[in-house]
Amino acid sequence: MDKALFITKLRDSLSGLTFKEIEDIVADYEEHFRIGLEKGKSEAEISVSLGSPEEIALQYTGEKTDRAESSKNPDKTKMWVVAALLIAVNVTVFFTPLLTLFWVWFALWAVSFAAVAVGFIIAVAGLINVTIPILNFLLAPFLTLFGTGTVSLGIGMIIVLGWLTKLAVKAIKWWVNFNIDIARKAGGVNA
Amino acid sequence: MNIQFKKGVLDMCVLSVIAEGDCYGYELVARISQNIEIAEGTIYPLLRKLQTEGYCETYLAESSGGPPRKYYCLTPAGRAVLNTLKEEWIHFSKNVDTILFQGGK
């Protein structure tokens with residue numbers, strides 16, 4: 001079993017714990033894999049010595065039986081009231097800033113692609129001037145240089161934007177899960 | 001080895017390793033599994049339990065050329081409970097030996 005499969009199985013078997021607890025536990029095993037790999041072991045070797053993820057998970061969830069007992073009478077109404085409140089607060093606080101950020105994000109993507117396209121055209125124009133020197137050929141090398149620079153800038157922006165987008169998606173997911181946890185806990189409802 | 005034996009002494013063993021000096025999870029697990037054959041993954045739940053019981057704490061420390069590692073250290077309560085466990089163990093194992101090898105006489 002490789003690391004990814006081990007972590008997925010562990011995560012699945014831990015459902016019932018809160019999002020934060022699961023993340024904390026998974027982080028311990030990720031560190032274990034990381035150091036094991038540094039010491040020259042393979043993912044398969046490490047997961048064999050760790051043992052079955054399902055049984056490991058049982059050790060964590062077993063300790064939570066007291067809480068599971070207490071949530072035998074979950075208060076769903078309370079959970080939904082808290083959820084509605086959280087949604088209201090989130091919409092009030094985040095709607096305008098997020099909408100603004102979304103348009104900035106969208107504009108930056110447009111600019112990046114435009115830079116690649118325009119830069120490419122300028123660079124090609126420069127090259128054509130070199131081979132067919134109809135126009136002032138002295139200008140041609142500068143056009144190519146300028147065009148290539150613009151394309152590089154565009155590609156650089158696309159890479160950075162892609163990375164930022166991934167980060168933002170991760171942050172939003174974390175925040176949503178965190179809010180769901182709050183609502184669940186308020187109602188004493190287990191996942 | 002009998003799994004019940006291992007379960008009974010694992011808490012004490014983990015506390016003892018940490019008592020020798022703060023260490024990160026992988027190192028601790030390696031030291032235990034070098035001496036006792038065990039599914040290594042079962043030590044992390046134990047570490048978490050010891051934390052909630054207030055016997056050990058964690059902190060992050062930089063490692064050479066890698067992301068920071070989580071280190072475990074003993075609390076005064078952990079040290080106290082380890083001392084008690086050790087004393088009990090010495091007493092207990094001596095008595096078990098007396099029964100095993102001398103029929104309890």
Select, from A:G36, A:S47, A:G51, A:A57, the one with the greatest count of heavy-atom pairs under 4.5 Å involving chain B.
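That would be A:G36.
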
Residues A:K20 and A:D181 bridged, charged N to O under 4.0 Å:
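Looking at A:D181 together with A:K20, the answer is no, because their closest N to O distance does not fall below 4.0 Å.
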
salt_bridge(A:E30, A:R34) N-O dist < 4.0 Å:
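Salt bridge: no.
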
For the pair B:Y59 and B:Y71, name the ring-plane relationship: parallel under 30°, tilted 30 to 60°, perpendicular over 60°.
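B:Y59 vs B:Y71 ring planes: parallel.
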
Against chain A, label B:I38 side chain, backbone, both or neither, depending on which of its atoms sit under 4.5 Å from a heavy atom there.
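Contact with chain A involves the backbone of B:I38 alone.
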
Would you mind checking which part of A:I46 comes under 4.5 Å of any heavy atom in chain B, side chain (CB onward), backbone (N, CA, C, O), both or neither?
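Neither part.
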
Where does A:E55 contact chain B at under 4.5 Å (heavy atoms): side chain, backbone, both or neither?
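No part of A:E55 comes within 4.5 Å of chain B.
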
B:E20, CD: over 12 other non-hydrogen atoms inside 6.0 angstrom
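Not buried by this count: 12 neighbours or fewer within 6.0 Å.
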
